[in-house]
Chemist: 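What follows is a single structure, and I will ask about it in a moment.
Position 1 is the first residue of the sequence; numbering continues from there.
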Amino acid sequence: MRYRILLPLAVLAAIGLVLVLKGSEIAARSYMNEAEAQAGTTLRLAVSALDGHLKRYEALPALIADQNNIEALIFDPKNEGLRARTNAYLKEINALLTSSDIYVMTLDGATIAASNYDSPVSFVGENFIYRPYFQDAVGGRQSRFYALGTTSLKRGYYFGSPIEIDGIIRGVIVFKVDIDSIEASWGGGDDRIFVSDPEGIIFMTGSPEWLYASILPLTPDRIARTEASRRYADTKLRELPVKRGSFAGRDVMMIADGRAEKEYLVVSQLMPEAGWTVNVLMDTGSVRVQAQTVTVAAFLTLCLAGLALAIIVQRRARLNERMQLQAEARNELERRVAERTADLARVNSRIEEEIAERRLTEQRLRQTQADLIQAGKLAGLGQMSAALSHELNQPLAAAKTYTETTGVLIDLGRIEEARDNVSRISALIDRMASISKHLRNFARKPNEKLGAVTLDEAMRDTLEIVAARLKAADATLEIKIDPALPAVKAGAVRLQQVLVNIITNAADAVEGLDDRRITVSAGRDGDKVTVSVRDRGPGVAAAIRERIFDPFFTTKGVGKGLGLGLSISYNIVKDFGGSLSVADHPEGGAVFLIELQVADGNLLEAAE
């Protein structure tokens with residue numbers, strides 16, 4: 001069925017293509033007729049302007065030749081007075097008639113008077129016997145000639161007339177007419193206008209680059225005839241790169257213009273009296289574009305018509321096919337909807353299970369994190385237990401000694417001294433209670449909310465806990481914290497735990513070294529307070545710097561730590577909305593930086 005439809009369409013397309021091509025040719029001929037008519041109008045205007053300009057001067061040479069001064073000079077050419085008066089007269093007439101030059105010659109071709117006698121290119125004394133206009137005038141004819149002046153090197157049209165006295169030719173008078181003004185009017189238009197001589201050499205043109213170029217081959221005969229008359233003086237002639245052809249039944253000319261080649265329709269008219277041919281060249285580019293536009297439009301119209309026909313022919317067949325496809329698509333869609341619904345139900349069930357598992361995992365993670373924090377604290381307590389037992393043993397031994405001494409003093413009746421011993425025993429008991437209080441707070445799981453905490457108080461409580469570890473490591477703690485620093489957003493017990501962990505690690509790092517100083521300093525930077533803990537130990541290697549806050553990562557020996565202290569401290573500071581980082585100091589050792597936010601007004605009011 002499809003082949004039965006396509007075969008007639010192919011035949012119609014072939015017929016339509018032939019019609020389009022034939023119509024394109026007809027359109028091109030029509031546009032070329034319009035272009036030729038337009039070029040013809042331009043040609044008539046150019047010919048009329050040239051002819052009118054030349055006829056203004058046609059009769060003047062014969063009239064001027066009858067003047068008494070000129071006739072007298074012809075008989076006595078060496079008379080300086082006559083020559084001076086004639087030169088002045090010719091100059092005045094030349095200015096009045098706006099011609100180019102007027103000059104008088106004797107029969108031997110010598111110029112004896114000229115309107116340009118006082119110019120650097122004066123014709124006086126020059127001999128133009130070789131010029132055709134002189135030869136024709138000597139023969140008794142009114143002559144015409146166009147050429148490039150051999151003396152002035154200026155183009156012009158020459159009118160020559162014999163000077164007859166008593167029926168005898170005694171000399172020749174010549175008018176040279178300037179043609180530059182007419183030529184200047186030809187430039188700037190879309191059409192190219194030029195005047196060529198019988199040898200095909202361009203003498204006048206609105207395109208200066210074409211001047212003195214030939215549209216015909218420069219054969220030896222043509223060159224010889226041109227040189228004999230010295231029409232173009234010593235100007236070097238050349239051939240214009242021209243190719244002939246035809247388009248839409250008209251002769252056309254292709255001329256290379258730079259790298260491009262343009263095609264022109266040529267319309268010419270011979271001016272036999274002037275001895276030249278006026279040519280008008282019209283660019284055929286617009287004609288070709290119009291013809292191509294018509295062809296494309298016709299082709300598109302044919303395509304649209306063929307497409308509409310194909311749509312109409314195939315519509316009935318496509319309608320049945322579309323209905324069948326729609327039925328199949330409907331069944332397929334229902335099947336896919338059922339499958340997708342089942343898939344979505346299974347996916348929803350899995351998502352709900354995953355959400356439940358994730359919530360349970362988050363609860364376990366929070367519990368594990370709390371247990372790890374507590375384990376880290378207990379591990380820290382275990383590390384400090386040996387040193388703290390020493391701290392407790394000293395007050396206990398002193399209390400025992402004071403007790404025994406007190407009994408002896410009472411027996412001796414020295415009551416005041418015994419009372420002083422009792423006061424000393426009470427002070428030792430208070431000291432042991434203070435140490436145990438801080439240890440108990442440190443070991444307790446924190447449930448505190450964030451509030452305003454002063455760094456000065458936090459450091460005082462921290463010193464009570466780390467004093468024993470610092471003493472065991474023989475380390476010196478330098479504290480440079482300004483009491484005027486603002487309170488920070490934190491939890492007192494958890495901040496104390498962070499400071500204990502970091503200072504304890506610093507004590508481990510400097511133990512056994514020559515320089516065992518640990519420096520704790522703090523300063524404000526905008527809305528944040530930065531606490532710096534610097535030791536003089538070996539520092540933190542770059543290879544482990546990124547892992548130092550990971551859980552269970554430790555650089556200490558077996559049995560000396562769980563690797564949880566820094567990880568717990570990192571998470572605690574993060575909960576405060578701050579940050580904990582480590583770097584190497586330029587002068588050696590590690591620097592831990594705790595960055596905390598300054599407590600806002602609401603936290604300060606709650607603390608009060």
Side-chain angles (χ1 to χ4, degrees), residues 377 380 430-431 434-435 437-439 441-442 444 446-471 473 475-507 509-510 515-537 565-566 568-608:
K377 294 165 65 176
D430 290 340
R431 173 173 172 77
S434 175
I435 293 173
K437 173 185 176 184
H438 287 299
L439 291 176
N441 289 338
F442 184 76
R444 184 184 303 119
N447 293 317
E448 59 185 346
K449 296 182 179 179
L450 298 183
V453 179
T454 58
L455 291 176
D456 191 39
E457 292 180 359
M459 277 304 305
R460 284 200 299 270
D461 294 339
T462 301
L463 284 176
E464 294 290 342
I465 299 175
V466 300
R469 180 67 189 100
L470 294 174
K471 185 175 182 181
T476 302
L477 184 64
E478 300 175 347
I479 300 176
K480 300 178 181 179
I481 298 178
D482 187 357
L485 279 175
V488 296
K489 179 182 177 182
V493 176
R494 287 190 288 171
L495 179 58
Q496 177 185 339
Q497 180 181 354
V498 172
L499 293 172
V500 168
N501 285 338
I502 296 176
I503 294 174
T504 302
N505 282 344
V510 301
D515 190 352
R516 294 183 292 278
R517 288 178 299 156
I518 301 172
T519 304
V520 180
S521 59
R524 180 171 182 174
D525 183 12
D527 60 347
K528 295 182 180 180
V529 174
T530 302
V531 182
S532 171
V533 181
R534 181 202 168 189
D535 60 52
R536 272 71 174 179
L566 290 179
I568 293 171
S569 300
Y570 180 86
N571 288 316
I572 290 175
V573 175
K574 188 176 180 181
D575 289 342
F576 294 164
S579 63
L580 174 61
S581 60
V582 63
D584 284 340
H585 196 276
E587 298 177 2
V591 180
F592 284 84
L593 296 175
I594 306 170
E595 190 177 76
L596 300 171
Q597 295 181 1
V598 174
D600 56 20
N602 294 331
L603 292 176
L604 291 174
E605 292 177 2
E608 293 175 357

Chemist: Any side-chain heavy-atom pair from L470 and I503 closer than 4.5 angstrom?
Modeler: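 A side-chain contact exists here, since the closest heavy-atom pair is under 4.5 Å.
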Chemist: Does some side-chain heavy atom of I594 sit less than 4.5 Å from a side-chain heavy atom of L499?
Modeler: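 They are in contact (side-chain heavy atoms under 4.5 Å apart), so the answer is yes.
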Chemist: Looking at CD of E457 and OG1 of T462, how far apart are the two atoms once the value is rounded to the nearest 0.5 Å?
Modeler: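 Here the interatomic distance stands at 11.5 Å.
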Chemist: Between atom CG of N501 and atom CG of L566, what is the distance when rounded to the nearest 0.5 Å?
Modeler: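 N501 CG to L566 CG: 7.0 Å, rounded to 0.5 Å.
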Chemist: Looking at side-chain heavy atoms only, is the closest gap between L596 and V573 below 4.5 Å?
Modeler: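 Touching, per the 4.5 Å side-chain cut-off.
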Chemist: Is the closest side-chain heavy-atom distance between R536 and R516 below 4.5 Å?
Modeler: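 R536 vs R516: side chains apart.
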Chemist: Calculate, to the nearest 0.5 Å, the distance between atoms OG and CD belonging to S581 and E595 respectively.
Modeler: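 Answer rounded to 0.5 Å: 7.5 Å.
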Chemist: Quick one: are K574 and L580 in side-chain contact, heavy atoms under 4.5 Å?
Modeler: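 SC-SC contact between K574 and L580 ruled out.
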Chemist: Assess the residue pair E587 and R534 against the criterion (side chain to side chain contact (heavy atoms under 4.5 Å, CB included)); give the C-alpha distance rounded to whole Å, side-chain angles, the decisive distance to 0.1 Å, and a yes or no.
Modeler: CA-CA 11 Å; E587 298 177 2; R534 181 202 168 189; 3.7 Å; yes
Chemist: Test of understanding: with side-chain hydrogen bond (donor to acceptor under 3.5 Å, both in side chains), list the residues that count as partners of D482, not counting sequence neighbours.
Modeler: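 Result, side-chain hydrogen bond (donor to acceptor under 3.5 Å, both in side chains) vs D482: none returned.
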Chemist: Is I518 close to T476 at the side-chain level, that is, under 4.5 Å between some pair of heavy atoms?
Modeler: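 They are not in side-chain contact.
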Chemist: Going from CG on L450 to CG on D575, what distance comes out if it is rounded to the nearest 0.5 angstrom?
Modeler: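 Result: 8.0 Å between the selected atoms.
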Chemist: Looking only at heavy atoms, which two atoms of L485 and R524 are closest? And how far apart?
Modeler: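 Scanning both residues completely, I find the closest heavy atoms to be CD2-N, 4.0 Å.
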Chemist: CZ of R494 to OG of S569: how many Å apart, nearest 0.5 Å?
Modeler: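 Reported value, rounded in 0.5 Å steps: 12.0 Å.
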Chemist: Begin with the C-alpha distance, continue with both residues' side-chain angles, and end with the deciding distance and a verdict on side chain to side chain contact (heavy atoms under 4.5 Å, CB included) for L477 and L463.
Modeler: CA-CA 9 Å; L477 184 64; L463 284 176; 3.1 Å; yes
Chemist: Atom CD1 of I481 and atom CE of M459: how far apart are they, to the nearest 0.5 Å?
Modeler: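 Rounded to the nearest 0.5 Å, the CD1-CE separation comes to 5.0 Å.
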